[in-house]
Amino acid sequence: MAHRWQNDLTRDDVTPYGAFMNRRQLMAGMAGLGLASIAGPAAAEDLKPNAWDEITSYCNFYEFGTGKSDPAANAGQMTTSPWKVEIDGLVDRPGTYDFQDILSEMTIEERIYRFRCVEAWSMVIPWNGFELADLLNMVGVKDGAKYVAFETLLRPEEMPGVRYPTIEWPYREGLRLDEAMNPLTLMATGLYGKPLPNQNGAPLRLVVPWKYGFKSIKSIVRITLTDKEPPASWNMYSAREYGFYSNVNPTVDHPRWSQATERKIGGGLFAKRIPTLMFNGYESEVAGMYEGMDLSKYF
Amino acid sequence: MIDKVNRMLRRVPVWSVYLVGLLAPVWFLYLGMTGGLGVEPIKTLEHELGELALKMLVVGLAITPLRRYLGLNLIKFRRAIGVLAFVYVLLHLLVWLVLDVQVPSQIWADIVKRPYVTVGMAGFLLLLPLAITSNNWSVRKLGPAWRRLHKLVYPAILLGAVHYLMLVKGFQIEPLIYLAVILGLLALRLPGRRRATA
């Protein structure tokens with residue numbers, strides 16, 4: 001890869017509070033000199049991963065029910081082995097790829113990312129996975145491709161939630177090609193070094209840390225390279241509430257609630273809200289892709 | 001059969017309904033403090049209290065039809081049920097204000113800008129005078145006006161059901177069931193029906 005993203009955030013690497021405060025003073029000083037933009041990614045002081053139980057018990061995976069604990073209760077019946085992923089559209093080597101064959105070609109690494117749900121809660125999650133760009137390069141992206149479309153498994157006999165037309169099944173999502181190729185964009189296969197639990201989107205899911213969580217589609221069975229913006233489930237359900245981009249943006253509210261703040265899961269009954277960061281704290285890595293775009297229009 | 005049930009119910013003291021009714025939120029609070037409501041107890045507590053309030057309002061709305069069509073007499077519990085429903089709505093609102101939204105400026109912004117919050121608040125405001133006048137003194141003082149005033153529970157419960165319907169993500173069944181039941185119970189009160197069964 002020409003431009004691999006270096007994971008400089010690990011559990012042992014959390015900035016000590018004192019050092020963080022010093023850095024803030026430094027940044028304040030730089031702001032005075034008009035140099036704030038070189039200050040780098042947002043503060044890493046609270047990037048303490050959520051516990052395994054928190055990440056695996058509080059999920060949105062409507063194929064298994066709309067309650068937060070429904071996926072943990074019902075997703076166990078989903079068969080994830082064997083698992084095949086159809087990769088088609090504008091690619092050099094289209095075909096049905098076995099998940100294990102994909103894995104054998106990829107390098108798995110750990111990425112500790114913030115995860116911000118559109119419902120204004122958040123977690124910090126230690127994913128394991130590989131860059132989507134590596135997979136796309138493996139199959140070869142043809143010249144005219146501009147977007148990547150994804151589809152979740154639809155298997156009614158194993159998914160009690162799809163009996164109801166909560167949204168139009170199967171679950172679909174999409175990215176612009178440059179977003180898909182961004183080094184931050186991960187195909188997750190694990191959590192805390194263990195295989196991904198079913199409720200979190202086993203065996204293969206997307207993780208786009210600067211976008212609202214629903215963009216990070218789970219249990220992927222199909223990836224299609226196209227030249228047109230692909231349909232995305234929540235956008236199809238309500239375009240005024242869920243934009244195609246859905247970048248985390250504290251200044252653009254959801255019509256039904258504010259996106260300015262969020263609550264990190266795990267703080268108990270008296271957890272304080274914390275400010276939501278632009279692009280979920282990944283502004284320096286991704287803002288360039290949206291230069292010149294009106295983010296309140298393309299929300 | 002119904003007579004037997006009515007006789008049994010006559011022996012149930014009203015204070016026991018208050019006791020059981022007030023234990024429910026205490027139990028939820030205890031669960032929330034001890035991890036029993038999952039990893040995001042604030043939203044769960046808020047939702048549970050809201051749904052409990054809606055259930056209690058439905059029970060209150062069912063009392064008259066139950067007596068009229070089945071002969072089941074629950075009238076003596078009606079005030080307790082109404083007062084408890086109001087307590088649940090109030091606690092639901094307090095959890096939203098204090099634990100969920102937290103920021104005072106955002107609370108007002110949400111009430112004005114978010115239709116589902118506006119609808120919920122309107123429902124709460126309609127219930128407020130009913131709760132205040134839910135004592136014997138007010139019943140005597142207001143006379144026939146008291147009955148008219150307490151018909152405000154009809155629009156209030158409708159607003160509650162619409163509030164629930166408006167806040168869910170996607171097409172969900174549960175709020176639609178509440179709305180259907182409430183509309184059914186209200187339809188039983190339409191003037192035409194009353195004459196037919198009088």
Side-chain angles (χ1 to χ4, degrees), chain A residues 50-60 62-63 65-70 72-73 117-123 161-169 171 212 214 233-234 236-238 241-242 253-275, chain B residues 25-49 51 91 94-120 162-177:
Chain A
N50 279 87
W52 170 268
D53 286 343
E54 291 164 349
I55 299 168
T56 59
S57 73
Y58 195 77
C59 315
N60 278 329
Y62 281 11
E63 283 83 340
T66 52
K68 291 287 183 291
S69 54
D70 290 345
C117 180
V118 72
E119 297 164 0
W121 54 265
S122 66
M123 295 194 192
V162 304
R163 278 192 302 240
Y164 308 102
T166 317
I167 51 171
E168 199 184 317
W169 314 110
Y171 196 94
Y212 293 120
F214 68 87
S233 289
W234 283 107
M236 290 157 68
Y237 173 74
S238 177
E241 291 187 285
Y242 309 99
D253 283 349
H254 184 281
R256 287 183 282 158
W257 55 84
S258 164
Q259 296 291 28
T261 62
E262 66 199 45
R263 190 159 45 232
K264 194 182 166 199
I265 298 298
L269 203 50
F270 304 103
K272 282 274 160 259
R273 281 181 176 269
I274 53 173
Chain B
V26 174
W27 173 241
F28 279 133
L29 197 64
Y30 167 78
L31 285 179
M33 311 256 281
T34 54
L37 294 183
V39 298
E40 220 295 37
I42 298 173
K43 274 287 168 202
T44 311
L45 186 64
E46 191 177 291
H47 181 86
E48 292 292 346
L49 287 169
E51 204 168 322
L91 290 173
L94 284 175
V95 168
W96 180 73
L97 289 174
V98 179
L99 299 181
D100 190 354
V101 185
Q102 299 171 0
V103 190
S105 60
Q106 200 178 306
I107 291 169
W108 182 246
D110 275 357
I111 292 172
V112 183
K113 276 205 300 194
R114 322 279 173 210
Y116 87 90
V117 181
T118 317
V119 166
V162 171
H163 167 71
Y164 187 14
L165 190 67
M166 285 172 83
L167 66 86
V168 294
K169 262 172 73 196
F171 177 84
Q172 294 193 32
I173 304 293
E174 223 182 327
L176 288 172
I177 294 174

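Basis for what follows: all heavy atoms, side chains included, without hydrogens, waters or symmetry-related copies. Just so we're clear, the structure is a prediction, and the values are computed from it rather than from any experiment. Within every chain, numbering begins at 1; the chains are lettered A, B, ... in the order of the sequence lines, protein sequences first and strands thereafter.
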Under 4.5 Å from a heavy atom of chain B, the part of [X] involved:
| X | result |
| --- | --- |
| A:Thr66 | side chain |
| A:Ser238 | neither |
| A:Asn60 | side chain |
| A:Lys68 | neither |
| A:Pro255 | backbone |

**Q.** Smallest separation among heavy atoms of A:Ala260 and A:Ser258, with atom names
**A.**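 Distance-wise, the nearest heavy atoms are N-OG, 3.0 Å.
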Are the side chain of [X] and the backbone of [Y] linked by a donor-acceptor contact shorter than 3.5 Å?
| X | Y | value |
| --- | --- | --- |
| A:Arg256 | A:Glu241 | no |
| A:Glu262 | A:Ile274 | no |
| B:Thr44 | B:Glu40 | yes |

Looking at [options], which has the largest count of heavy-atom pairs under 4.5 Å with chain B?
| options | result |
| --- | --- |
| A:Ala271, A:Ser69, A:Ser57 | A:Ala271 |
| A:Lys272, A:Arg263, A:Glu54 | A:Arg263 |
| A:Tyr62, A:Phe270, A:Trp121, A:Trp257 | A:Trp257 |

Q. Which is it for A:Met236 and A:Ile167 under the side chain to side chain contact (heavy atoms under 4.5 Å, CB included) test, yes or no, and what are the steps along the way?
A. CA-CA 8 Å; A:Met236 290 157 68; A:Ile167 51 171; over 6 Å; no
Q) When you look at A:Gln259 and A:Val118, which way does the side chain to side chain contact (heavy atoms under 4.5 Å, CB included) test go after all the steps? A) CA-CA 8 Å; A:Gln259 296 291 28; A:Val118 72; 3.5 Å; yes
Q. Out of curiosity, B:Ile107 CD1 to B:Ile111 CD1, how far, rounded to the nearest 0.5 Å?
A.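 Here the interatomic distance stands at 7.0 Å.
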**Q.** Aromatic plane relationship, A:Tyr237 with A:Trp234 - under 30° parallel, 30 to 60° tilted, over 60° perpendicular
**A.**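 Taking A:Tyr237 first and then A:Trp234, their aromatic rings stand perpendicular (interplane angle over 60°).
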Q: Could you tell me whether B:Lys43 and A:Glu119 have a side-chain N and a carboxylate O separated by less than 4.0 Å?
A: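 No, this pair does not count.
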Chain A contact via [X] - which portion, at a heavy-atom distance below 4.5 Å:
| X | value |
| --- | --- |
| B:Leu29 | both |
| B:Ile173 | side chain |
| B:Val95 | neither |

(Q) Tell me which of these, B:Glu174, B:Gln102, B:Met33, has more heavy-atom pairs under 4.5 Å with chain A than the rest. (A)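 Looking at each option in turn, the highest pair count goes to B:Gln102.
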Q: Name the option with the most non-hydrogen atom pairs under 4.5 Å to chain A; the candidates are B:Gln106, B:Gln172, B:Lys113, B:Lys169.
A: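 Between B:Gln106, B:Gln172, B:Lys113, B:Lys169, the count favours B:Lys169.
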